[in-house]
Amino acid sequence: MRGVWGVILLTILAVYIISFLIIKLPFLEIKEYGVIGIRHDEKQVLQNYLTALGRKIIFLPEEIIFNELNKKFGNRFKDINVDRDFTTEGIVINLTFQRRTPVAKVKVGKNIYLIDREGVIFKDNIPSNLPIIKAKDINELRSVGRKISKIATLVDNITILSDKVIVQKDKIKYILPNIKLIREKELKVLKYALRQNFNAKVIDLRYKKFILLR
């Protein structure tokens, strides 16, 4: 029995030593990084992450790198491609960042976020020419993100209240049902009302017939 355990321990030790020696080989050293899609003000965060990660990045799955980096960057990247090029002189690692494209700004209290066409909420530099969505609960907004982003592409401002949604296009306000009750039918009604260009300050779309408030 002791002989068997001795063989097992020697095998484990041999595997550890071989693995250590392989990692120390020159062609497994990181020669350089190539980065595409990162702004100058984001480089320090990326550099700190890569320094802390060290050579683990050689074997780390791309999905883990994406999740860890995107968490540091406020979920602003739709994809991060990690390409590892093994050469005799070392490994060249190229990282390509694909940034999310915002369709609206989101205001929750004093905090400002962005939302993309897929309804994903994230943080990034805030453009000035986007529609504004006002909400009280960021978690509720995440659950209806795709729906609210569709509305944002049609109007200038959106205010989400507990019992209704108020949207504004130019100087006209349109009242929609509770955000959870809005379906494709309600979106079609809103599109129709926007095309009609009614002469009213407020238009209530929650009923079969529009209520125009002049």
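Reckoned from all heavy atoms, side chains included, excluding hydrogens, waters and symmetry mates.
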Please check if the side chain of [X] supplies one atom and the backbone of [Y] the other of a donor-acceptor pair under 3.5 Å.
X	Y	answer
Arg76	Lys123	yes
Asn75	Asn70	no
Arg84	Ile58	yes
Asn178	Ser162	yes

Once you round to the nearest 0.5 Å, how far does [atom1] of [X] lie from [atom2] of [Y]?
X	Y	atom1	atom2	result
Leu187	Leu176	CG	CG	8.0 Å
Phe97	Leu69	CZ	CG	5.0 Å
Lys169	Asn197	NZ	CG	11.0 Å
Asp124	Phe77	CG	CZ	7.0 Å
Leu95	Leu50	CG	CG	6.0 Å
Lys191	Lys188	NZ	NZ	8.0 Å

* Intermediate values then yes/no, side-chain contact (heavy atoms from CB on, under 4.5 Å), Tyr174 and Leu194 -> CA-CA 9 Å; Tyr174 302 82; Leu194 290 169; 3.6 Å; yes
Looking at every non-hydrogen atom in both residues, tell me the closest pair between [X] and [Y] and how far apart they are.
X	Y	value
Gln168	Lys171	NE2-CA, 4.1 Å
Ile57	Tyr33	CG2-OH, 3.8 Å
Val45	Lys72	CG1-CB, 4.1 Å

* To do: Just jot down the side chain to side chain contact (heavy atoms under 4.5 Å, CB included) partners of Thr96, sequence neighbours excluded, or say none.
  =>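 Here the qualifying residues are Ile36, Asn81.
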* Contacts of type side chain to side chain contact (heavy atoms under 4.5 Å, CB included), residue Lys78, not counting sequence neighbours ->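 Expected list: Gln98, Arg100, Glu118.
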* Asked: Would you call Asp116 and Arg99 a salt bridge, taking side-chain N to carboxylate O under 4.0 Å as the test?
  ->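 Judged by the 4.0 Å cut-off on N to carboxylate O distance, Asp116 and Arg99 do not form a salt bridge.
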* Can Arg39 and Glu42 be counted as an ion pair, charged N to O under 4.0 angstrom? ->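 Result for this pair is yes, salt bridge flagged.
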Find out if a path of hydrophobic residues (ILVMFWY) with successive side-chain heavy-atom gaps under 4.5 Å connects [X] to [Y].
X	Y	value
Ile80	Val120	no
Phe122	Phe73	no
Ile115	Leu190	yes
Val167	Leu181	no
Ile132	Leu130	no

* Starting from the C-alpha separation in whole Å, work towards a yes-or-no answer on side-chain contact (heavy atoms from CB on, under 4.5 Å) for Ile175 and Ile203. => CA-CA 6 Å; Ile175 303 176; Ile203 303 174; over 6 Å; no
* Candidate pair Val202 and Asp204, rule side-chain contact (heavy atoms from CB on, under 4.5 Å), full reasoning -> CA-CA 7 Å; Val202 180; Asp204 198 328; 5.7 Å; no
* Could I get the full list of salt bridge (charged side-chain N to carboxylate O under 4.0 Å, His left out) partners for Glu186, not counting sequence neighbours? =>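 Glu186 satisfies salt bridge (charged side-chain N to carboxylate O under 4.0 Å, His left out) with no residue once adjacent residues are dropped.
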* **Results of salt bridge (charged side-chain N to carboxylate O under 4.0 Å, His left out) for Lys31 - residues two or more places apart only** =>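 Partners of Lys31 under the salt bridge (charged side-chain N to carboxylate O under 4.0 Å, His left out) test: Glu89.
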* Asked: Within a radius of less than 6.0 Å around CD of Glu184, do more than 12 heavy atoms belonging to other residues, nucleotides or ligands occur?
  ->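 More than 12 heavy atoms, drawn from other residues, nucleotides or ligands, come within 6.0 Å of this atom.
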* Give the intermediate values and the outcome of side-chain contact (heavy atoms from CB on, under 4.5 Å) for residues Val165 and Thr159. => CA-CA 6 Å; Val165 176; Thr159 302; over 6 Å; no
* Verify the distance criterion only: is there a donor paired with an acceptor across the side chains of Glu68 and Tyr49 at less than 3.5 Å? =>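 A pair is found: one side chain offers a donor N or O, the other an acceptor, under 3.5 Å apart.
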Does any part of the side chain of [Y], heavy atoms only, come nearer than 4.5 Å to the side chain of [X], both counted from C-beta?
X	Y	result
Leu161	Ile166	yes
Asn67	Ile65	no
Val35	Leu46	yes

Without placing hydrogens or testing angles, list every side-chain donor-acceptor pair under 3.5 Å for residues 103-110, not counting sequence neighbours.
none

Would you mind writing out the side-chain donor-acceptor pairs for residues 141-151 within the sub-3.5 Å range, not counting sequence neighbours?
unit_1, atom_1, unit_2, atom_2, d
Arg142, NH1, Asn139, OD1, 3.2
Ser143, OG, Glu140, O, 2.5
Lys147, NZ, Ile179, O, 3.0
Lys147, NZ, Ile182, O, 3.0
Ser149, OG, Arg117, O, 3.1
Ser149, OG, Gly145, O, 3.3
Ser149, OG, Arg146, O, 2.8

